[in-house]
Amino acid sequence: MNLRLLLTMLAITAVTMAQSPCDTAIKLAPDANLFLNKAYVSTDLEATLGFARKALESFSSLEELTLSCDCMTAYDATYEARVNLEKAMEKSSWEQVRFFVNKARGFTGNLLQDLDGCQYQGPQESDFQSRQEYLEARQQELLDRQKAITRELQEQRKMAEEMARKREIELKQQKAFKTAAESALKQYELALKKLNETFACGQSQEPMSNYMRDEAVLEEESLELTEYYYLNKAEEMHARAEEILRKCRNLK
């Protein structure tokens, strides 16, 4: 191998190896902000999520790099950006995704300046002294957040159980109302038939059994809708009775 080429390769390798985590973070930060801004300006949900996902990957890497080079201000910004982007990825509407993307943008406006400051000043003694306290505070924050999530899940479980209990009670009321209403409508239909025969109207009366329903349909509606359905059927039957009696009068 040519000696000059070998020396060039060794020099490139040395420069690459000499790069600090802050140097790498400075190179990565513009792309991370670019993805974040593209996610914010996109008007399509799929595109917004795509750029948000790329931004999330970038800020996750930046979070590790800034921590490695003791750049706490930049680390805090990348941490908050990552958390909000993770929330964005959990949402299903464009408005909600964009809301958390914008929150992430609010923490990254000075990211490059913070990284530049860490790069040129180098790690400060105060950074080394506070790093352990900072990490402990973050750990406590994560524990508190986990507890809050656990409490929220427990509350949601209780709410779901309560809703299921109330729905079970309502369904029993619907079934009881259905039985009573259909029985009353059946008696009304029979009485109407009897009136038709008594007054000798001579009109044929087709059975009005379309008010009979399977119990399974009750699971898809509320008690109010069940009551409304049978009220409509009663009004229809009443209108039918008036029509039959009116025609019967015309025959006399």
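The shown structure was predicted, so the numbers you read here are calculated from the model rather than taken from an experiment.
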side-chain contact (heavy atoms from CB on, under 4.5 Å) evaluation trace for Thr73 with Asn110
CA-CA 10 Å; Thr73 305; Asn110 297 321; over 6 Å; no
Where do Glu161 and Lys158 land on the salt bridge (Lys or Arg N to Asp or Glu O under 4.0 Å) test, with the steps shown first?
CA-CA 5 Å; Glu161 291 173 354; Lys158 288 180 181 178; over 6 Å; no
For a side-chain contact (heavy atoms from CB on, under 4.5 Å) check, start with the C-alpha distance between Thr150 and Gln154, then their side-chain angles and the critical distance, and finish with the verdict.
CA-CA 6 Å; Thr150 301; Gln154 290 174 344; 3.9 Å; yes
Please walk me through it: do Lys87 and Phe99 pass side-chain contact (heavy atoms from CB on, under 4.5 Å)?
CA-CA 10 Å; Lys87 291 179 180 178; Phe99 172 79; over 6 Å; no
Would you sort out whether Thr48 and Lys38 count as a side-chain contact (heavy atoms from CB on, under 4.5 Å), showing the intermediate values?
CA-CA 7 Å; Thr48 302; Lys38 283 188 175 181; over 6 Å; no
Just do the salt bridge (Lys or Arg N to Asp or Glu O under 4.0 Å) check on Glu243 and Arg240 with the steps written out, would you?
CA-CA 5 Å; Glu243 181 184 1; Arg240 177 77 177 275; 5.0 Å; no
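A donor-acceptor contact closer than 3.5 angstrom links the side chains of Glu189 and Tyr211.
Criterion: ILVMFWY side-chain heavy atoms under 4.5 Å apart, direct or through other members. Under it, Tyr230 and Tyr188 are part of a common hydrophobic cluster. Under the 4.5 Å side-chain heavy-atom criterion for ILVMFWY residues, no single connected hydrophobic cluster contains both Leu218 and Phe177. Hydrophobic clustering of Ile, Leu, Val, Met, Phe, Trp and Tyr side chains at less than 4.5 Å, counting indirect connections, unites Met89 with Trp94. Residues Tyr40 and Phe100 fall into different hydrophobic clusters, defined by Ile, Leu, Val, Met, Phe, Trp and Tyr side chains chained together at heavy-atom separations under 4.5 Å. Residues Leu231 and Leu223 are members of separate hydrophobic clusters, defined by side-chain heavy-atom contacts under 4.5 angstrom among Ile, Leu, Val, Met, Phe, Trp and Tyr.
For the atom pair Glu63 CD and Ser68 OG, the distance stands at 10.5 Å (nearest 0.5 Å). Glu242 contributes atom CD, which lies 11.0 Å from atom CG of Leu192 (distance to the nearest 0.5 angstrom). The CG atom of Leu28 lies 12.5 Å from the CG atom of Asp23; values are rounded to the nearest 0.5 Å. In this structure, OG1 in Thr78 is found 11.0 Å from CG in Leu85, a value given to the nearest 0.5 Å. Taking OG of Ser61 as the start and CG of Asp31 as the end, the distance is 11.5 Å to the nearest 0.5 Å. Once rounded to the nearest 0.5 Å, the distance linking OG of Ser222 with CD of Gln173 reads 11.5 Å.
Counting all heavy atoms, side chain and backbone alike, Ser92 lies closest to Leu45 at O-CD2, 3.3 Å. Considering all non-hydrogen atoms of both residues, Thr108 and Ala77 come closest at CG2-O, 4.4 Å. Closest of all the heavy-atom pairs between Phe107 and Asn84 is CE1-ND2, 3.7 Å. In terms of heavy atoms, Met72 sits closest to Thr66 at CE-O, 4.5 Å. The two residues Leu62 and Ala25 come nearest to each other via the heavy atoms CD2-O, 3.4 Å. The two atoms that bring Ser58 and Ala32 nearest to each other are CB-CB, 3.5 Å, heavy atoms only.
The environment of CD in Glu224 is sparse: at most 12 heavy-atom neighbours from other residues, nucleotides or ligands sit within 6.0 Å. Shown here is Glu46, whose CD atom has no more than 12 heavy atoms of other residues, nucleotides or ligands within 6.0 Å. More than 12 heavy atoms of other residues, nucleotides or ligands shown are found within 6.0 angstrom of CD on Glu95. The number of heavy-atom neighbours closer than 6.0 Å to CD of Glu64, taken from other residues, nucleotides and ligands shown, is 12 or below.
Side-chain N or O atoms of Gln174 include one that pairs as donor or acceptor with a backbone N or O of Glu221 at under 3.5 Å. Side chain of Asn102 to backbone of Arg98: no donor-acceptor contact under 3.5 angstrom is found.
Ring geometry, Phe51 versus Phe35: the interplanar angle falls under 30°, so the pair is classed parallel (tilted spans 30 to 60°).
When the side-chain contact (heavy atoms from CB on, under 4.5 Å) test is applied to Tyr229, the partners found at least two apart in sequence or on another chain are Arg213, Lys233.
Taking a cutoff of 4.0 Å between a charged side-chain nitrogen and a carboxylate oxygen, Lys54 and Glu57 do not qualify as a salt bridge. Residues Arg82 and Glu86 are paired through a salt bridge, judged by an N-O separation under 4.0 Å between the basic side chain and the carboxylate.
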